[in-house]
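Residues take their numbers from the sequence shown, with the count starting at 1. Worth saying up front: this structure is predicted, and the values here are computed from it rather than measured.
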Amino acid sequence: MVKNHGKKQRARKKTQRTGASYASAAAGTTHNHAVLDTGLLEGLLPYMAGSAPDHDLAARLIGACWAGCRPCQTSLSTKAVAHRATLAGLAGGAYMNPLGAAAQASPLLAPPTRAWIARAQDAAASGNGHVALRAVDDLNEDDAHALLDDALDNWAALDMDNISLLKEVRAASEGASRVPPRQRPADPMDAFRAAGINVVTLDDLDLGDGIDPYHLAPSYGVFPGQTSTPTGRELPMLTLYPETDGAGIEDMESRTNWEHWGMYGLPDVDPLWRVRARIADRSLQGLVHVGPDGTDDVELWRAAESVSMPPDWWDLLDRAQHILIVGPVNDATPAALNAAGVAGRLLAVVARVAFV
């Protein structure tokens, strides 16, 4: 009897540890998934004081998703929905950050998830992220499962290297958010307006659809590269150099909100800046800023022709899903990049990659 009792106790503990069924644990037929270092999640899963997520449970659940193991996902998801702090951490880690804002409009998300993301983004912007985390407690079980399923789809799309990279990118973004944002330079036309001179801009003219505004503004060329994050992980990089008169740091300062970057650490993450990449021929198509209405309001670079990227660089782009954008430099050489960095004349941002 003592021996059987001990066996049952060990089976129960294995069930709790692995998420496998009691029958599998008792029969010794459990299987192993990729082991995620719980330390990686500690900086990514937000929580409220006194209500911390179970990082071990979250790590095992993500591992089950990576392995595509439905039985373990089902068992562990039930535990995560019951432990609302873990559910809130997984959802918050996926969506309650600058990168999560772009997911809100996705038609693939369940309505409860979209509603929670909207609330989370508003709460985070006002410094009251705990309100959104607390709201997870009020979800009924069906809505809680829907939120968890969508959040797990987000986590399942990453691997260990990408989670480490994401942690660095978000930490850099959070650090930058504590610094007052760089102010855009004053519009030089304001001086004419103040003097009573009537100023007419392109926006004031009804030019119709026959005029492409991209060709009316200074334009840039780009060259790809890669860099390393502070912990040595690789990140793709795109450097801009002037191609027409008027292109340069003053123009970029007036058209972007990028920060001055000294070639160390990581600059701000801005998911509204996007590099469009075409999967069919592994080419880059352009660099744009998406406005509040979902349309491009700034187009800083457009590819004149399709050029396939080197396979290794494209694979890195595909893994990272983000790219460091820097510029301007005098010409398309690493020496020009170093010179601009030393001179303190580099602007930079971490942009999203939008595959088309």
Look at the side chain of [X] and the backbone N and O of [Y], then say whether any donor-acceptor pair between them is shorter than 3.5 Å.
X      : Y      : result
Gln321 : Asp318 : yes
Tyr220 : Thr244 : no
Arg278 : Ser283 : no
Arg114 : Leu109 : yes
Arg282 : Ala277 : no
Ser254 : Asp251 : yes
Asp270 : Ala351 : no

Give the cluster check for [X] versus [Y]: same hydrophobic cluster or not, with ILVMFWY residues linked at side-chain heavy-atom distances below 4.5 Å.
X      : Y      : result
Val222 : Val356 : no
Leu316 : Val269 : no
Val298 : Val353 : yes
Met309 : Leu240 : yes
Trp301 : Val288 : no

### Query
Does anything in residues 267-294 pair up under ring-ring contact (aromatic ring centres under 6.0 Å, His included), and if so which pairs, sequence neighbours excluded?
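Residue pairs with at least one partner in residues 267-294: Trp258-Trp273, Trp273-His289.
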Which heavy atom in [X] sits nearest to a heavy atom in [Y], and how many Å separate them?
X      : Y      : answer
Asp150 : Ala110 : OD2-N, 3.0 Å
Ala52  : Ala85  : O-CB, 3.5 Å
Val329 : Ala340 : CG1-CB, 4.1 Å
Pro328 : Ile249 : CG-N, 3.4 Å

Could you tell me whether the side chain of [Y] reaches within less than 4.5 Å of the side chain of [X], counting heavy atoms only?
X      : Y      : answer
Ser77  : Leu152 : yes
Pro267 : Val350 : yes
Arg302 : Glu299 : yes

Distance (rounded to the nearest 0.5 Å) between [X] [atom1] and [Y] [atom2]:
X      : Y      : atom1 : atom2 : value
His322 : Arg352 : NE2   : CZ    : 6.5 Å
Leu324 : Thr227 : CG    : OG1   : 6.5 Å
Trp313 : Ser308 : CH2   : OG    : 12.0 Å
Ile325 : Met237 : CD1   : CE    : 9.0 Å
Leu272 : Arg274 : CG    : CZ    : 6.0 Å
Thr86  : Leu45  : OG1   : CG    : 8.0 Å

### Task
Take atom CG of Asp297 as the centre, draw a 6.0 Å sphere, and report whether it contains more than 12 heavy atoms from other residues, nucleotides or ligands.
yes
### Message
Please check if the number of heavy atoms outside Asn140 that lie under 6.0 Å from its CG is greater than 12.
### Response
yes
### Message
Between Glu250 and Arg345, does any NZ, NE, NH1 or NH2 come within less than 4.0 Å of an OD or OE carboxylate oxygen?
### Response
yes
### Task
Considering only NZ, NE, NH1 and NH2 on the basic side and carboxylate oxygens on the acidic side, decide whether Arg60 and Asp54 come within less than 4.0 Å.
no
### Task
Run the numbers on Arg276 and Asp296 for salt bridge (charged side-chain N to carboxylate O under 4.0 Å, His left out), then give the verdict.
CA-CA 12 Å; Arg276 295 203 171 103; Asp296 300 347; 2.9 Å; yes
### Query
Pick from Leu87, Thr78, Leu76, Asp143: which one makes a side-chain contact (heavy atoms from CB on, under 4.5 Å) with Leu148?
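Per the side-chain contact (heavy atoms from CB on, under 4.5 Å) rule, the option paired with Leu148 is Leu87, out of Leu87, Thr78, Leu76, Asp143.
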### Query
Are a donor atom and an acceptor atom from the side chains of Gln73 and Ser75 found within less than 3.5 Å of each other?
no
